[in-house]
Structures are given as structure tokens and as C-alpha cells.
Protein chains: 2
Amino acid sequence: MLTKNQSQINLRSDAGLATALRVSLARLTRRLRRQAAAHSLTPTQFATLAAVERHSAITPGELAELEKVQPPSMTRVIAALEERGLVSRTPHPTDRRQVTVTVTEAAQKLLKEERRLKEAWLSQRLRELTAEERSILRQAAPILEKLSRI
Amino acid sequence: MLTKNQSQINLRSDAGLATALRVSLARLTRRLRRQAAAHSLTPTQFATLAAVERHSAITPGELAELEKVQPPSMTRVIAALEERGLVSRTPHPTDRRQVTVTVTEAAQKLLKEERRLKEAWLSQRLRELTAEERSILRQAAPILEKLSRI
DNA sequence: GCCCTATAGTTAGCAAAGGTAATGACTCAT
DNA sequence: ATGAGTCATTACCTTTGCTAACTATAGGGC
């Protein structure tokens, strides 16, 4: 009985668009999370490690703001990454309250491999779309990124 | 130091698109979840209740498949909804192993109000986009829905 | 120079929501 | 009529978010 059309959501209104996006995003994220479970880093850890790689010598507070989590949540993620030798915490050069986080060499290697694995599922799904659909998603990606960043 | 450009992700490749989507989706979902915390239903409960409303007399197993969760997770969500008088479980007409779930009247009223509240944040963000950006998201929404459904 | 407030990070404890494994009730084909 | 399969549930664990409270440090006003 799963064949009924599930979305008679009115996409014209902003509220309808919001509904459609919210529901799909939640489901997709759940799906991606599950896909990632087979690999060595959780999605949160992976996203954080990638952020540390992009902004080397970043502080936990800045990372928390970037990833839109509270500082204590970021503390835990960093602790997990440090325990696995993927990031190192060093004192901030001028402010001893702060800490700077950087990726290790091991992390760079792992990131490369993880990226390949972690994206496999979604990439495969993307390949199953038509070229036009992919093109729309390409245009949508930066907008979603912008929305996620507010 | 949050001003650096965070995404030099190559959107041309499927893997790059996959990366960009994955990161943004995770962050947006986190944000939406937090936004929802002020209201009376969790996002998962809300999504499930909405699904029950759309497919009345659906079984837990079908709901689990729809929402891409395992049956035990769905059992818990349904139990929470039943405890609050929002759904009722009745025996399946022909198969006594199964159960059919339907929304109550209270739920229909609540759904309407919740929808209004829960979409407020995202709608506001959508209004801050340009008309063209919204148009792209309108085109992207069904594709994301399709991706989330595979 | 000394306090007082503000800030950065962490710790402690809680809640939401997912998962797997095992169980009980029921169905159905052999 | 029995044994395998199916549906829902229960029990338990994990991840990952949160808030509140604590510690250490910074920095300004007196």
C-alpha cells in the first residue's frame, strides 16, 4: 500500500515549499546517516574533520558556529577525533583560554578515502537521475548551503 | 574568522555535488530540528503523524518503510503519538498480526496548527531568497523527495 | 595593582531518536 | 497440524544534540 501519491503538497506557497523541503531533507539525512554507519567516521565527525581541514588552526568555538551546534557538542566531537589521532589540539598563540585545532596527516589520508566511500551512495543515486534533474540540483546546492548557514 | 569561503567544492562532478548536498542537508536538518524543539511535537513525530494523515489506516510496517526507519523505531513513535491521543491503533481487519493506525480528530486540528508554526522559520528564510532562488528550490524539491524515497 | 565582568572551553547530566536482537502472536503452505 | 515466515513489540545500546554549571583566562575601570 505504498503506492499512493504521498505529496499533494502545494509547492506554490512558501509554506508548501517549506513543508516539502523539510520532510525530504529529514528523510534524506536519515538515509545518509545510515549509509555512513558502515564506515569508520560518523557523519558529524566527518563533517567536522572536513571543516577543520578547510580552516586549519580553527578554534572549537568557531567550529561550533560553523556547524551550527553548541560548543559542548563540538567539544565532544573534537575529543573523539583527537582520541583517534585525527586532530591535534594546541594552545592558542596569544589567548590561553582558546585552543587551536588542526588535522593530522593521518586525517588527510583518511578524509580522502572516506570521501570516496561516503559519497558513493548519493553519487550512485545522482547518476540515476536525468541530466536535467542533476542540473537543477547543481543550481539548488548553493541555495541550500546558504539556507543552512543562516 | 568565519569569513573564509567554505566551499571550494567542485560542483561539476557527481561526487562534488554529493558532498555539497550532504553537508548542507545535515546542517539544515540540524537547524530545523532545533527550531522545532520549541513546539509540542518532535520532527519525527510530526512527520509520522502527517504520513498517517495522508495514508489513513496504514500499518506500522508500512509507515516504517515510508519514513525509512526500522520497525521498532516506528513502534516507539506510534506509542508516543497514541499516548497523546493523536493516533489510535485498531486491529487489522483481516490479519490479526497487523495493526492499523489512524489519526484522531485532535490530531487533525493540531497538525494544522503545528504546520503553521513549524514551517514559520523555513518560510521566513525562503522569503529572504530571491524569486529565482525560490524557483530553483521549487524545481529541486520533487527531486530531493525522489532521492529520499529510493 | 586589583577586582569585576566577559569569554572560551570543558564537564556533567538529560533527552531524542536511531539501531539490533530477541520474543510473542499470528498466518499459511506443505 | 506443524514448521517456516511475517508483523509488531520489547529490551537494551549508541549517537548526538541540548542546557547548566564550572574553570581558567582576558581585559577594562577604579
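What you see is a predicted model; the values in this text were computed from it and never measured. Here is how names work: the chains are called A, B, and so on, in the same order as the sequence lines, proteins then strands, and each is numbered from 1.
- Using modelled atom types, one finds a donor on one side chain and an acceptor on the other under 3.5 Å when comparing B:Thr100 with B:Thr90.
- Regarding A:Met74, its CE atom lies at a distance of 17 Å from the C1' atom of C:dT11, rounded to whole Å.
- The shortest distance between the side-chain N/O atoms of B:Ser73 and the OP1/OP2 oxygens of C:dG18 is not below 4.0 Å.
- The side chain of A:Thr75 places no N or O atom within less than 4.0 Å of a non-bridging phosphate oxygen (OP1 or OP2) of C:dT11.
- Close to D:dC7, at under 4.0 Å from its OP1 or OP2, lies no side-chain N or O of B:Thr59.
- You'll find that the side chain of A:Arg97 is closest to C:dA8, out of D:dC7, D:dT9, C:dA8.
- A donor-acceptor pair shorter than 3.5 Å cannot be found between the side chains of B:Thr102 and B:Ser56.
- Rounded to whole Å, atom C1' of D:dC7 lies 13 Å from atom CZ of B:Arg89.
- The side chain of A:Val99 lies closest to C:dG9, out of C:dG9, C:dT11, C:dA17.
- What separates CZ of B:Arg76 from C1' of D:dC13 is a distance of 11 Å, to the nearest Å.
- Look at CG on A:Leu41: it is 16 Å from C1' on D:dT14, rounded to the nearest Å.
- Phosphate contact (OP1/OP2 of D:dT16, side-chain N/O of A:Thr42, threshold under 4.0 Å): present.
- Toward the 5′ end of DNA chain D lies the nearest nucleotide of B:Thr100, the other residue of the pair A:Thr94 and B:Thr100 mapping further downstream.
- Side chain of A:Arg96, nearest nucleotide from D:dA8, D:dT19, D:dT25: D:dT25.
- Looking at heavy-atom distances under 4.0 Å, B:Pro60 makes contact with sugar-phosphate atoms alone, never a base.
- Taking CD of B:Glu128 as the start and OG of B:Ser123 as the end, the distance is 11.0 Å to the nearest 0.5 Å.
- No donor-acceptor distance shorter than 3.5 angstrom exists from the side chain of A:Ser135 to the backbone of A:Ala131, with no hydrogens or angles considered.
- Side-chain atoms of A:Gln98 do not come within 3.5 Å of backbone N or O of A:Asp95 as any donor-acceptor pair.
- A straight line from CD of B:Gln70 to C1' of C:dA22 spans 15 Å, rounded to a whole angstrom.
- Atom CG of B:Asp95 is separated from atom P of C:dA25 by 15 Å (rounded to the nearest Å).
- Protein atom CD of B:Glu82 is 13 Å distant from nucleotide atom C1' of D:dT9, rounded to whole Å.
- In this entry the distance linking CD1 of A:Ile78 with P of D:dT15 reads 18 Å, nearest Å.
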